[in-house]
Amino acid sequence: MKRTPLLPLPLKKLPAIASLILLAGLAYAGSLTSAEPSSVGLSSDRLSRITAAMESDVADGRIAGAVGLIARNGQVAYFEARGKADRERGIAMRPDTVFRIYSMSKPITSAALMMLYEEGRFRLSDPVAKYLPELEKVMVLVDKKAAERGGGSGVGTLLGQREEPEISPDEYELVKPSRAMTVQDLMRHTSGLTYGFSQNDLVDRMFRKARLLNFDKTLAEAVVKLGALPLKHQPGTRFEYSVSVDVQGRLIEVLSGMALDEFLKQRVFDPLQMTDTGFYVPEPNWDRLAQIYQPLDGGAKIKARDGELGGRYTKKPALLSGGGGLVSTASDYLRFCQMMLNGGELDGVRLLSRKTVELMTIDHLAAAGVKRDGGYGFGLGVAVATDLARSGLNGSLGEYNCGAAGTRFWIDPQEKMIGIYMVQILPHDAPLYGDTFKRLAYQAIAD
């Protein structure tokens, strides 16, 4: 199906408020058309608060630029770009600016894996080692003195700072997992794996030292290295955001017989016409890649991260990170979101069954007796809203989302609403990041 660009109306012919919203006309959204906000139950006046907030953050120097998009009932009601994609080079932020989407890669990888689930290639209850035997002998590192240190469960307890991981047999022991890590564990982040974010945890420091996500190595090599590291938790007992989705990417390769980038291109990106989504930016589009920044002074200011503009994002990396390695645009990612909101189909192309999407977007933690703070559980690849009072957000039960480094999306099946917000800040301390954009979007509902 040929993609039709969404063309802008001349701003001088638009009402003053309408000029703050809808489209700048540079991005493509295929069959998803633009709509006056009122026609989909949104207030133009209230949507303008988002634009004002974006402009304020740019003017104050807290962000270089941002893109915000809201769709409802299958139509784009708000799509604005403000500020600079690269402040130092004077390149304006545009609706078709390309972003490193980091953890927004995860739902795409999980959806791709579920396509293989639908083909009968695996069961969620299958041990991961059935397909990745390099993980068959993985052990769990247990802190025998956790109670003395006030660490609770005794696994992955915080330690004092040390430059090198050390395992004292008087304090720690390696034990066999109480049960096998399953594919479901990978998808809901109860695998026992970690990312290595903690500065003090022994297992985290071992993960960091191993440099699992070294982009000079292949995904297969990374999983082999992973098999030599201990788990931080017993499988199925704790929620821990982790490299589990990168393992899912390797699982896709083994089950499909295809490299992850080729599988995603052939089975997801091409069918959904996501032409700007992949593991790197081709040379003709380098000028559209946003610079990435880091916060200063507690987030009050930012500076460009040295050397980040080029590197692995301008050439194909050896390691294809399904957990955080993709680049995309707001309008490309909208097509993935709309497919999910539609129950697995877009423009007559079906990637998943409606029942599979339903399975992915319910909380899978409660059934395992695993708790997660903040009013959100976790499904298969996405966080799922389970308690609005605990979250403190004016959303809906069953809304699901994911994101990092200032790129964030959410999908609300009850309101038939999608929100996408993109900046490039790592760590993601942008004032309008995630929750604030979501609150401003929901307060614009007027039906």
**Q** Is a side-chain N or O of Arg82 found less than 3.5 angstrom from the main chain of Met54, in a donor-acceptor match?
**A**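 A pair under 3.5 Å: no.
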
**Q** Do the non-hydrogen side-chain atoms of Met422 and Leu69 ever get within less than 4.5 Å of each other?
**A** no

**Q** I'd like to know whether Arg439 forms a side chain to side chain contact (heavy atoms under 4.5 Å, CB included) with Asp435, so could you lay out the CA-CA distance, the side-chain angles of the two residues, the decisive distance to 0.1 Å, and finally the verdict.
**A** CA-CA 6 Å; Arg439 289 197 298 272; Asp435 290 350; 3.8 Å; yes

**Q** Counting C-beta onward and ignoring hydrogens, is there a side-chain heavy-atom pair between Ile108 and Met274 closer than 4.5 Å?
**A** yes

**Q** Could you tell me if the side chain of Met104 sits less than 4.5 Å from the side chain of Ser328, heavy atoms only?
**A**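 Result no, sub-4.5 Å side-chain heavy-atom pair not found.
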
**Q** Kindly determine whether Asp96 and Arg94 satisfy salt bridge (charged side-chain N to carboxylate O under 4.0 Å, His left out), including the steps that lead there.
**A** CA-CA 5 Å; Asp96 66 346; Arg94 309 184 334 188; 2.8 Å; yes

**Q** Evaluate the ring planes of Tyr241 and Phe378, with Trp represented by its six-membered ring, and classify them as parallel (under 30°), tilted (30 to 60°) or perpendicular (over 60°).
**A**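 It falls in the perpendicular class, over 60°.
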
**Q** Minimum heavy-atom separation for Tyr442 to Ser396, with atom names?
**A** OH-N, 4.2 Å

**Q** Would you indicate whether the side-chain heavy atoms of Asp412 and Tyr400 approach each other to under 4.5 Å?
**A** no

**Q** With a 4.5 Å limit on heavy-atom distance, are the side chains of Glu80 and Ile50 in contact?
**A** no

**Q** For the pair Phe437 and Trp410, name the ring-plane relationship: parallel under 30°, tilted 30 to 60°, perpendicular over 60°.
**A**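 Correct class here is tilted.
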
**Q** In the structure I gave you, are the side-chain heavy atoms of Leu132 and Val254 within less than 4.5 Å of one another anywhere?
**A**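 Side-chain contact under 4.5 Å: yes.
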
**Q** Would Glu345 and Arg354 satisfy salt bridge (charged side-chain N to carboxylate O under 4.0 Å, His left out), going step by step from the backbone distance to the final call?
**A** CA-CA 8 Å; Glu345 178 272 335; Arg354 173 173 58 84; over 6 Å; no

**Q** Quick one: do the Gln75 and Ser34 side chains pair a donor with an acceptor below 3.5 Å?
**A** no

**Q** Ignoring hydrogens and geometry, is there a side-chain-to-backbone donor-acceptor pair from Asn285 to Arg288 under 3.5 Å?
**A** no

**Q** Would you sort out whether Asp126 and Arg121 count as a salt bridge (charged side-chain N to carboxylate O under 4.0 Å, His left out), showing the intermediate values?
**A** CA-CA 10 Å; Asp126 283 343; Arg121 306 289 186 95; over 6 Å; no

**Q** If the threshold is 4.0 Å, N to carboxylate O, is there a salt bridge linking Asp287 and Arg89?
**A** no

**Q** Has Arg100 got a side-chain atom pairing as donor or acceptor with Tyr102's backbone, closer than 3.5 angstrom?
**A**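 No, Arg100 side chain to Tyr102 backbone: no donor-acceptor pair under 3.5 Å.
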
**Q** Which is it for Tyr78 and Thr51 under the side-chain hydrogen bond (donor to acceptor under 3.5 Å, both in side chains) test, yes or no, and what are the steps along the way?
**A** CA-CA 10 Å; Tyr78 179 93; Thr51 308; 2.6 Å; yes

**Q** Okay, side chain of Thr407, backbone of Gly403: is any donor-acceptor separation there less than 3.5 Å?
**A**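 No; judged by distance alone, with no hydrogens or angles, the pair does not exist.
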
**Q** Begin from the C-alpha positions of Gln266 and Asp270 and carry the test side-chain hydrogen bond (donor to acceptor under 3.5 Å, both in side chains) through to its verdict.
**A** CA-CA 6 Å; Gln266 292 184 27; Asp270 284 352; over 6 Å; no

**Q** If you apply the rule side-chain hydrogen bond (donor to acceptor under 3.5 Å, both in side chains), what do you find for Thr314 with Glu283, and how did you get there?
**A** CA-CA 7 Å; Thr314 56; Glu283 185 173 358; over 6 Å; no

**Q** For Trp286 and Pro282, which heavy atoms make the closest approach, and how far apart are they?
**A**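 Looking at all heavy atoms of both residues, the shortest contact is CD1-O, 3.2 Å.
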
**Q** Can Glu221 and Arg211 be counted as an ion pair, charged N to O under 4.0 angstrom?
**A** no

**Q** So which atom in Pro127 and which in Tyr131 form the shortest heavy-atom distance, rounded to 0.1 Å?
**A**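 Smallest interatomic distance, heavy atoms only, reads O-CD1, 4.0 Å.
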
**Q** Is it true that atom CG of Asp373 has more than 12 heavy atoms of other residues, nucleotides or ligands lying nearer than 6.0 Å?
**A** no

**Q** Hey, is the main chain of Arg46 close enough, under 3.5 Å, to the side chain of Ser43 for a donor-acceptor pair?
**A** yes

**Q** Hey, mind stepping through Tyr117 and Phe122 against ring-ring contact (aromatic ring centres under 6.0 Å, His included) and telling me if it holds?
**A** CA-CA 6 Å; Tyr117 168 86; Phe122 69 92; 5.7 Å; yes

**Q** Is a side-chain donor or acceptor of Asp332 paired with a backbone partner of Thr277 at a separation under 3.5 angstrom?
**A** yes

**Q** Under 6.0 Å from the NZ atom of Lys225, do we count more than 12 heavy atoms belonging to anything else shown?
**A**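 Yes, NZ of Lys225 has more than 12 neighbouring heavy atoms, counting only those of other groups under 6.0 Å.
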
**Q** Compare all side-chain heavy atoms of Leu193 with those of Leu186 and state whether any distance is below 4.5 angstrom.
**A** yes

**Q** Would you check, one step at a time, whether the test side chain to side chain contact (heavy atoms under 4.5 Å, CB included) holds for Val223 with Leu135?
**A** CA-CA 8 Å; Val223 173; Leu135 299 181; 4.1 Å; yes

**Q** Verify whether one side chain among Ser191 and Ser244 offers a donor that lies under 3.5 Å from an acceptor in the other.
**A**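 Ser191 vs Ser244: donor-acceptor pair found between side chains.
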
**Q** With heavy-atom distances below 4.5 Å as the criterion, would you say the side chains of Phe269 and Leu326 are in contact?
**A**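 Phe269 vs Leu326: side chains touch.
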
**Q** Closer than 3.5 angstrom, by distance alone: can the side chain of Ser391 be matched with the main-chain N or O of Leu388 as a donor-acceptor pair?
**A** yes

**Q** Closest heavy-atom contact between Ile418 and Ile411?
**A**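 Looks like CG1-CG1, 4.3 Å.
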
**Q** Could you check whether Arg335 pairs with Asp347 (Lys NZ or Arg NE/NH1/NH2 to Asp/Glu carboxylate O, under 4.0 Å)?
**A** yes

**Q** Could you measure the distance from the CD atom of Glu55 to the CD1 atom of Ile63? Nearest 0.5 Å is fine.
**A**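 Rounded to the nearest 0.5 Å, the CD-CD1 separation comes to 10.0 Å.
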
**Q** May I ask you to say whether Arg238 pairs ionically with Asp185, meaning some side-chain N is under 4.0 Å from a carboxylate O?
**A**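 Looking at Arg238 and Asp185, the cut-off is not met.
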
**Q** CG of Leu352 to CD of Glu118: how many Å apart, nearest 0.5 Å?
**A** 5.0 Å

**Q** Does NZ or CZ of Arg305 lie under 6.0 Å from the centre of the six-membered ring of Tyr293, at an angle within 45° of the ring axis?
**A** no

**Q** Regarding Asp60 and Arg62, does a basic nitrogen lie under 4.0 Å from an acidic carboxylate oxygen?
**A** yes

**Q** To the nearest 0.5 angstrom, please state how far the CD atom of Gln248 sits from the CE atom of Met114.
**A**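 Answer for the CD-CE pair, Gln248 versus Met114, is 10.0 Å.
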
**Q** Keeping Thr361 on the side-chain end and Val357 on the backbone end, is there a donor-acceptor pair under 3.5 Å?
**A** yes

**Q** If we ignore hydrogens and angles and just use 3.5 Å, is the side chain of Arg179 paired with the main-chain N or O of Gln234 as donor and acceptor?
**A** no

**Q** In sequence, state the C-alpha distance, the side-chain angles, and the governing distance for Ile445 and Leu42, and then conclude on side chain to side chain contact (heavy atoms under 4.5 Å, CB included).
**A** CA-CA 5 Å; Ile445 293 177; Leu42 298 174; 3.8 Å; yes

**Q** Nearest 0.5 Å, what's the OG1-CZ distance between Thr436 and Arg408?
**A**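 Thr436 atom OG1 to Arg408 atom CZ measures 11.0 Å (nearest 0.5 Å).
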
**Q** Taking the side chain from Glu240 and the backbone from Thr190, do they hold a donor-acceptor pair closer than 3.5 Å?
**A**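 Checked: no pair found.
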
**Q** Would you check, one step at a time, whether the test side chain to side chain contact (heavy atoms under 4.5 Å, CB included) holds for Leu213 with Asp246?
**A** CA-CA 9 Å; Leu213 299 183; Asp246 291 293; 3.7 Å; yes

**Q** Decide if the gap between the ring center of Phe409 and the ring center of Tyr333 is smaller than 6.0 angstrom.
**A** yes

**Q** Check this for me: does any side-chain nitrogen of one of Glu262 and Arg267 sit under 4.0 Å from a carboxylate oxygen of the other?
**A**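 Answer for the salt bridge query: no.
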
**Q** Please determine, by modelled atom types, if Lys106 and Thr109 share a side-chain donor-acceptor pair under 3.5 angstrom.
**A** no

